[in-house]
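Values in this document were obtained by computation on a predicted structure and should not be read as measured data.
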Amino acid sequence: MTKQEEFFKSKSFAVVGATSKKEKFGYLVFKRLLNLGKPVYPIHPQEKEIEGVKVYKTLSELPEVPEAVDIIVPSSVTEKIVRECKELGIKKVWMQPGAESPDAIKFCEDNGISVVYHDCVLKHPNYDW
């Protein structure tokens, strides 16, 4: 099974960088994962609600630890997010194009976090995961 398939099979997700702006990738990725019919937690420091779903400021504020995290933020922020993932015990991370950094990727690989990068969640069709 590929890392992408493992990611999509997760029981719950968080999208760091989710947004209510429908033209932005943060919105499109959030909706794509929401369409899987599993819990998806949007993370954004300013947003309050997206599509009727409560938005949280950080991963640490979530009511449960998600199994997988999709990251759509500047690469400098990604490095902070992957450290938070390690602290919370999150083992699956997908860095959307533009969010990845060599340091963040290496951190994931060095800390047993399955990491997908140079790939986009939106490129993958709706398989019956």
key: Partner set under salt bridge (Lys or Arg N to Asp or Glu O under 4.0 Å) for Lys92, not counting sequence neighbours   =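 With sequence neighbours excluded, Lys92 shows a salt bridge (Lys or Arg N to Asp or Glu O under 4.0 Å) to Glu67, given in chain and number order.
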message = Holding to salt bridge (Lys or Arg N to Asp or Glu O under 4.0 Å), I want the full list of residues that pass it with Lys31, two or more places apart in sequence or in another chain.
response = Glu51
Under a 3.5 Å distance rule, please check whether [X] uses its side chain to pair with a backbone N or O of [Y] as donor and acceptor.
| X | Y | result |
| --- | --- | --- |
| Ser10 | Ser12 | no |
| Glu100 | Gly98 | yes |
| Glu47 | Ser20 | yes |

How many angstroms lie between atom [atom1] of [X] and atom [atom2] of [Y], to the nearest 0.5 angstrom?
| X | Y | atom1 | atom2 | value |
| --- | --- | --- | --- | --- |
| Ile90 | Ile81 | CD1 | CD1 | 9.5 Å |
| Lys9 | Leu36 | NZ | CG | 12.0 Å |
| Asn35 | Phe30 | CG | CZ | 10.0 Å |
| Ile50 | Tyr41 | CD1 | OH | 14.5 Å |
| Arg32 | Leu122 | CZ | CG | 7.5 Å |

message = side-chain contact (heavy atoms from CB on, under 4.5 Å), that's the test. Do Lys22 and Tyr27 meet it? Break it down for me.
response = CA-CA 6 Å; Lys22 295 185 174 173; Tyr27 175 83; 3.5 Å; yes
Non-hydrogen side-chain atoms of [X] and [Y] separated by less than 4.5 Å:
| X | Y | value |
| --- | --- | --- |
| Val69 | Leu59 | yes |
| Glu79 | Ser101 | yes |
| Phe25 | Gln96 | no |
| Val15 | Ile71 | no |
| Val16 | Ile72 | no |
| Leu34 | Phe13 | no |
| Val53 | Val40 | no |

Identify all side-chain donor-acceptor contacts of residues 107-117 below 3.5 Å with residues at least two apart in sequence or on another chain.
unit_1, atom_1, unit_2, atom_2, d
Asp110, OD2, Lys106, NZ, 2.6
Asn111, ND2, Phe107, O, 2.7

What is the minimum heavy-atom distance between [X] and [Y], and which atoms define it?
| X | Y | answer |
| --- | --- | --- |
| Thr78 | Ala99 | OG1-O, 2.6 Å |
| Asp119 | Gln4 | OD2-NE2, 2.8 Å |
| Ile43 | Ala14 | CG1-CB, 4.3 Å |

task = Is it possible for you to say whether Val73 and Val121 belong to one hydrophobic cluster, with membership spreading through side-chain heavy-atom contacts below 4.5 Å?
result = no
request  = Only counting residues at least two apart or in another chain, list the ones meeting side-chain contact (heavy atoms from CB on, under 4.5 Å) with Gln46.
outcome  =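 Gln46: side-chain contact (heavy atoms from CB on, under 4.5 Å) contacts with His44.
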request  = Give every residue pair that meets the side chain to side chain donor-acceptor pair (under 3.5 Å) criterion with at least one member in residues 52-62, sequence neighbours excluded.
outcome  = Ser60-Glu84
inquiry  = Suppose the criterion is ring-ring contact (aromatic ring centres under 6.0 Å, His included): which pairs have a residue in residues 63-102, not counting sequence neighbours?
reply    =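 Passing the test, one end in residues 63-102: Phe7-Trp94, Phe8-Trp94, Trp94-His124.
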